[in-house]
Amino acid sequence: MSNIEGKNNKRQIDIPCNNHNEEHEKQGISKCIIITGMSGGGKSTALKILEDIGFYAIDNIPPAILPQLIDMLKTHEAAVHNGIVAVIDVRGGILLKGFEDVITTLKSKVSLVKVIFLDASDEILIRRYETTRRRHPLGKDLPLSVMISKERSVVAPVRELADVVIDTSNLSIQELKDALLKSLGMMDAEPSVIITSFGYKYGIPSDCDYIFDVRFLENPFYCPPLRNLTGVDVEVQEYLLNFTETEKFYNESLRLIKLILPLYRKTGKPQVHIGVGCTGGRHRSVAYSEWLAKELSADGEKCIIRHRDIEKDKEKVSDVVAG
């Protein structure tokens with residue numbers, strides 16, 4: 001068959017590292033990113049993008065409080081390791097009061113302070129408000145065009161102080177993410193696919209984006225020579241490949257996966273979690289996950305493969321009567 005090979009090739013499994021970095025904790029917070037700009041310019045989206053890559057996120061904070069917050073969070077692990085991103089805009093009241101002094105104070109505390117101003121054309125801002133039907137933060141008694149003009153005059157000095165101005169008028173979420181990371185001198189984390197095999201008897205992983213149920217495939221558990229093996233073993237994989245249903249399902253599901261991955265990337269989602277389940281999470285789901293990781297890795301995807309329940313279902317041959 002063209003897409004699956006019944007070979008027990010060794011593969012590298014990437015395990016996320018969560019080692020606590022005591023040196024960073026001693027140094028305190030090293031990055032503070034301030035996102036500001038026009039209402040409707042994409043500040044909430046930008047905040048979420050940076051939060052997803054590890055920044056400690058703060059929304060709608062008065063500028064004067066930020067230096068105090070930096071001191072309070074100097075032992076917070078996420079803030080220390082990855083930095084802080086804060087949205088400051090007209091919702092916080094008088095935006096400009098002491099803003100420049102606050103930036104000066106922050107620079108005395110943090111090695112990297114950057115102000116990013118998000119803007120968009122009036123036409124696009126009006127369209128976004130009409131689409132979401134949200135009220136402009138400056139009020140509701142005036143036409144949107146007038147409130148937008150009023151806001152522009154309020155935030156104009158902040159725009160002048162900004163290190164980076166990003167026009168989001170025609171940007172997709174992925175393009176906004178690229179622009180943000182480029183402005184921060186950061187390389188985007190390589191997109192990855194997490195593949196988790198599991199047993200339904202132990203519950204479905206709660207954070208999967210897609211679940212594939214392979215319980216309809218022939219079960220090697222009821223083949224005595226294979227019962228104490230797992231889906232990583234070549235004997236189990238070759239047994240499953242003897243059935244045409246295995247090939248048909250694998251090829252059709254692979255087509256779906258290859259369709260959805262680039263579509264997810266367009267939404268700015270860097271990581272897709274695929275769950276593959278069988279009864280015990282030891283044979284069929286493990287084999288399918290191994291094949292899938294090998295295929296996607298050959299296509300250039302960075303795959304993280306986890307066999308959650310592979311050690312849980314270890315009944316001996318004499319313990320079970322095949323039915």
Side-chain angles (χ1 to χ4, degrees), residues 31-63 66 82-93 95-96 99 102-103 106 112-140 142-189 191 262-271:
K31 297 177 186 176
C32 179
I33 311 303
I34 297 174
I35 297 175
T36 186
M38 293 294 295
S39 302
K43 298 186 296 297
S44 296
T45 301
L47 183 71
K48 182 62 177 174
I49 288 171
L50 295 184
E51 183 180 22
D52 284 347
I53 64 174
F55 280 84
Y56 183 91
I58 309 163
D59 192 13
N60 188 20
I61 181 173
L66 195 51
N82 304 309
I84 288 176
V85 56
V87 168
I88 296 175
D89 57 24
V90 293
R91 292 174 299 167
L95 176 65
L96 301 181
F99 186 81
V102 168
I103 299 301
L106 288 174
L112 174 64
V113 177
K114 185 158 287 193
V115 179
I116 300 176
F117 189 99
L118 300 184
D119 203 350
S121 68
D122 288 6
E123 180 184 356
I124 293 296
L125 292 176
I126 291 173
R127 187 183 306 166
R128 288 174 182 172
Y129 269 102
E130 290 176 344
T131 300
T132 61
R133 297 184 179 180
R134 295 185 62 186
R135 184 173 67 89
H136 193 281
L138 292 183
K140 59 181 180 179
L142 298 173
L144 263 176
S145 58
V146 175
M147 288 187 288
I148 289 172
S149 178
K150 182 179 178 181
E151 184 182 10
R152 283 201 184 280
S153 65
V154 172
V155 302
V158 175
R159 197 179 196 277
E160 292 299 319
L161 291 173
D163 299 292
V164 179
V165 177
I166 300 176
D167 187 337
T168 67
S169 298
N170 300 303
L171 296 185
S172 66
I173 293 177
Q174 182 61 48
E175 289 168 336
L176 174 57
K177 180 178 181 180
D178 293 342
L180 284 170
L181 296 181
K182 182 179 179 181
S183 71
L184 297 176
M186 298 172 62
M187 296 299 293
D188 191 2
L263 298 179
Y264 260 93
R265 302 281 152 69
K266 286 183 179 180
T267 70
K269 185 178 177 65
Q271 197 172 74

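Keep in mind it's a predicted model, so treat the numbers as computed, not measured. Values below: every heavy atom of this structure, side chains too, minus hydrogens, waters and symmetry copies.
If you take CE on M147 and NZ on K150, they are separated by 9.5 Å, rounding to the nearest 0.5 Å. Rounding to the nearest 0.5 Å places CD1 of I35 at 5.0 Å from CG of L50. The CG atom of L180 sits 9.5 Å away from atom CD1 of I33, with the distance rounded to the nearest 0.5 Å. From I58, atom CD1 reaches atom CD1 of I84 across 5.0 Å, with rounding to the nearest 0.5 Å. Taking CD1 of I49 as the reference point, atom OG of S44 lies at 11.0 Å (rounded to 0.5 Å). From I34, atom CD1 reaches atom CD1 of I88 across 4.5 Å, with rounding to the nearest 0.5 Å.
Listed by chain and number, the residues in a side chain to side chain donor-acceptor pair (under 3.5 Å) with S145 amount to none (sequence neighbours excluded). For E51, the salt bridge (charged side-chain N to carboxylate O under 4.0 Å, His left out) criterion is met by no residue, not counting sequence neighbours. Applying the side chain to side chain donor-acceptor pair (under 3.5 Å) test to R159 and every residue at least two apart in sequence or in another chain returns D119. A search for side chain to side chain donor-acceptor pair (under 3.5 Å) contacts involving D163 returns nothing, not counting sequence neighbours. Every residue two or more places apart in sequence or in another chain was checked for a side chain to side chain donor-acceptor pair (under 3.5 Å) with S121, and none qualifies. Applying the side chain to side chain contact (heavy atoms under 4.5 Å, CB included) rule to A162 yields the partners V115, F117, V165; only residues at least two apart in sequence or on another chain are considered. The ring-ring contact (aromatic ring centres under 6.0 Å, His included) search around Y56 returns H76, not counting sequence neighbours. In this view, K48 and D52 satisfy the salt bridge (charged side-chain N to carboxylate O under 4.0 Å, His left out) rule, not counting sequence neighbours. Taking the side chain to side chain contact (heavy atoms under 4.5 Å, CB included) definition, one finds that L112 meets it with K31, sequence neighbours left out.
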Q) Given T168 and R128, is the side-chain contact (heavy atoms from CB on, under 4.5 Å) satisfied, shown in steps? A) CA-CA 12 Å; T168 67; R128 288 174 182 172; 3.1 Å; yes

Q: Evaluate the side-chain contact (heavy atoms from CB on, under 4.5 Å) criterion for residues I126 and I148: first the C-alpha distance (whole Å), next the side-chain angles of each, then the deciding distance (0.1 Å), finally the verdict.
A: CA-CA 8 Å; I126 291 173; I148 289 172; 3.6 Å; yes

Q: Run the numbers on T45 and L176 for side-chain contact (heavy atoms from CB on, under 4.5 Å), then give the verdict.
A: CA-CA 9 Å; T45 301; L176 174 57; 3.9 Å; yes

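The two atoms that bring M38 and K43 nearest to each other are O-NZ, 2.8 Å, heavy atoms only. The minimum heavy-atom distance between C32 and L66, with the atom names listed, is SG-CD2, 4.1 Å. Taking each heavy atom of G54 and N82 in turn, the nearest pair found is O-ND2, 2.9 Å. Minimum heavy-atom separation, V164 to K114: CG2-CD, 4.3 Å. Across all their heavy atoms, L47 and A57 have their closest contact at CD1-CB, 3.8 Å. Closest non-hydrogen pair, A120 versus S169, comes out as CA-OG, 3.3 Å.
Legend: ring pair (Phe, Tyr, Trp, His ring centres under 6.0 Å) pairs involving residues 142-176, not counting sequence neighbours: none detected.
Contact annotation: the side chain of R152 approaches that of L125 to within less than 4.5 Å [non-hydrogen atoms, C-beta and beyond].
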